There are 2 protein chains.
Amino acid sequence: MTPTARPARQRLAPEVRRRQVLDAAVAVFSEQGFHGASMDDVAARAGLSKPMVYAHGGSKDELFAACLHREAERLLRSVEAAATEDTSNDPQTRLWLGLRAFFHALTTRRAGWTVLYRQASTGEFAGEIDALRGRIVAQAAALMAEGLGMPQEAVRPYAHTLVGAAEGLADWWLTGPAPVTGDDAADVLAGMLMSAAWPGLDALRSGRVWTPPQDQRGRTGPERGIGSSSPVSPED
Amino acid sequence: MTPTARPARQRLAPEVRRRQVLDAAVAVFSEQGFHGASMDDVAARAGLSKPMVYAHGGSKDELFAACLHREAERLLRSVEAAATEDTSNDPQTRLWLGLRAFFHALTTRRAGWTVLYRQASTGEFAGEIDALRGRIVAQAAALMAEGLGMPQEAVRPYAHTLVGAAEGLADWWLTGPAPVTGDDAADVLAGMLMSAAWPGLDALRSGRVWTPPQDQRGRTGPERGIGSSSPVSPED
DNA sequence: AATCCAATCTACCGATGCGTAAAGTAGGGC
DNA sequence: GCCCTACTTTACGCATCGGTAGATTGGATT
């Protein structure tokens, strides 16, 4: 019936094969998500058979974890290198350089970014993903602490905020109707984020906080529409 | 062997049953994610048998979509109500009220927020989830456009940024080591975000943008560690 | 050129989980 | 009290998919 075992395509060094598998896995996982992607998909994308994927990439969990780690490591290295390579810059500029490296990684390695950021934080890899994102937040916190002259613990919530803002802006760039074009998109995006975020961070340093008008204080917000008011919600 | 069919628990109106099923589904999906949760889990959580879950909730896909829509509708309604209920407020205050309602929904209905925001944007529900998040961004854009006196299209990227920042801050609050305590957490979180974001947005209105130091312009950033991975992957 | 090893393929197994069918039971309106 | 129907339990069909076994072949070495 079927000829058994077609010619083996080529004999390649294990490192090359492993990188092929990892590249394919990143691409497939970024497009379909962890659960949506099958190992057959990865094999097909890599141009290999499934046993080779298992030989070089391990189980599906191990393979996904390897994708996560490789891409996170790349992103962290590039941001760190950008922020620290020229210590003559002032901290604010270094923060901008770090952000630019972040967006540069996003725009040039979209699949890797997607694997890291658009995956579910619920489910089996929640801890893994949160830990990796935490390292990125920590790096942002270090830059901000230096730039603002504040202790890291004080800026930590704002580091989360800044990273979230970067992710949101990236979302706009990736899905927007008329994204910024050109090779210097990272420059533009980093500038936009600095423009939107820096004045607030700077105000934070001097202790100025936003306060609501007096007549709004103490009001507990709208109860209607949130807390189980209607006995039955007849939506649809 | 012994299909003894234990007592039917109770005869309830279809709407009540449907809400039970939806509540259970939101809880289970938020804890385990779409793929991690099984329909048996939903049935167990609802205290019902699996056929009843299918009778009232439809297929797993339909059930998840219904969860998404109900929670998104609630969130949108509460934010809109908060921002528009008192038109005597100035736009900036209305933005703060909207943010506070957002965080109020987060802190009081954590499961619903998780279903909406911590699910994968890759995979089969990507379009659905992105559309719902887009409506939230549109609402933020409307508030910001009014508050800043700018056209909606101009503030759209910053609306994405603000929503991402809110999500990042929420992440910190949910997973942080020492989250803000008390019932007025939403007040505190909204205040933190306004403090961090408003000065930048205000600067935006007056056209002031952040610019890098002159000697950094035009540098293309670190190529090392980011660029082109491999010449291989000869797919398609 | 003959040989051997490892790389590769095809084909398969078993588990998981969605969705449904069959059969029995009880609440509640008449 | 009777019947209808909502509800329960149990079991199963079927598809998908992770993971593996055995057959097969390329290519470096001698």
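Just so it is clear, the structure is predicted and the values come from calculations on it, not from any experiment. The analysis underlying the following values was restricted to heavy atoms, covering all of them including side chains, and did not include hydrogens, waters or symmetry mates. Residue numbers start from 1 in every chain, and the chains themselves are labelled A, B, ... in the order their sequence lines are given, proteins ahead of strands.
Ranking D/dT20, D/dG19, C/dG19 by closeness to the A/Pro51 side chain, first place goes to D/dT20. Ranking D/dG18, D/dC7, C/dC9 by closeness to the B/Arg17 side chain, first place goes to D/dC7.
In this structure, A/Gln32 atom CD and D/dT16 atom P are separated by 14 Å, rounded to whole Å. Rounded to whole angstrom, the span from the CE atom of B/Met52 across to the C1' atom of C/dG27 amounts to 14 Å. At whole-Å resolution of the value, NZ in B/Lys60 and P in D/dA15 are 19 Å apart. The separation between B/Leu63 atom CG and C/dG17 atom P is 16 Å, rounded to whole Å. In this structure, OH of B/Tyr54 is placed 12 Å from P of C/dG17, rounded to the nearest angstrom. B/Asp40 has its CG atom 9 Å from the P atom of C/dG17, to the nearest Å. Rounded to whole Å, atom P of D/dG18 lies 10 Å from atom CG of A/Asp61. Taking atom NE2 of residue B/His35 and atom P of nucleotide C/dA15, one finds them 23 Å apart after rounding to whole Å.
Using a 4.0 Å heavy-atom cutoff across all strands shown, B/Ala43 reaches no nucleic acid atom at all.
With hydrogens and angles ignored, a donor-acceptor pair under 3.5 angstrom links the side chain of A/Lys50 to the base of D/dG19.
Within the 4.0 Å cut-off from OP1 or OP2 of C/dT8, at least one side-chain nitrogen or oxygen of A/His56 is found.
Side chain of A/Lys60 to main chain of A/Ala37: a donor-acceptor pair is present (N/O by atom type, distance under 3.5 Å, no hydrogens or angles).
Relative orientation of the A/Phe125 and A/Phe34 rings is perpendicular, given thresholds of 30° and 60° on the angle between their planes.
B/Ser30 and B/Arg110 share no donor-acceptor pair across their side chains, judged by distance under 3.5 Å alone. Side-chain atoms of B/His56 and B/Gln20 form no donor-acceptor pair, as typed in the model, at a separation below 3.5 Å.
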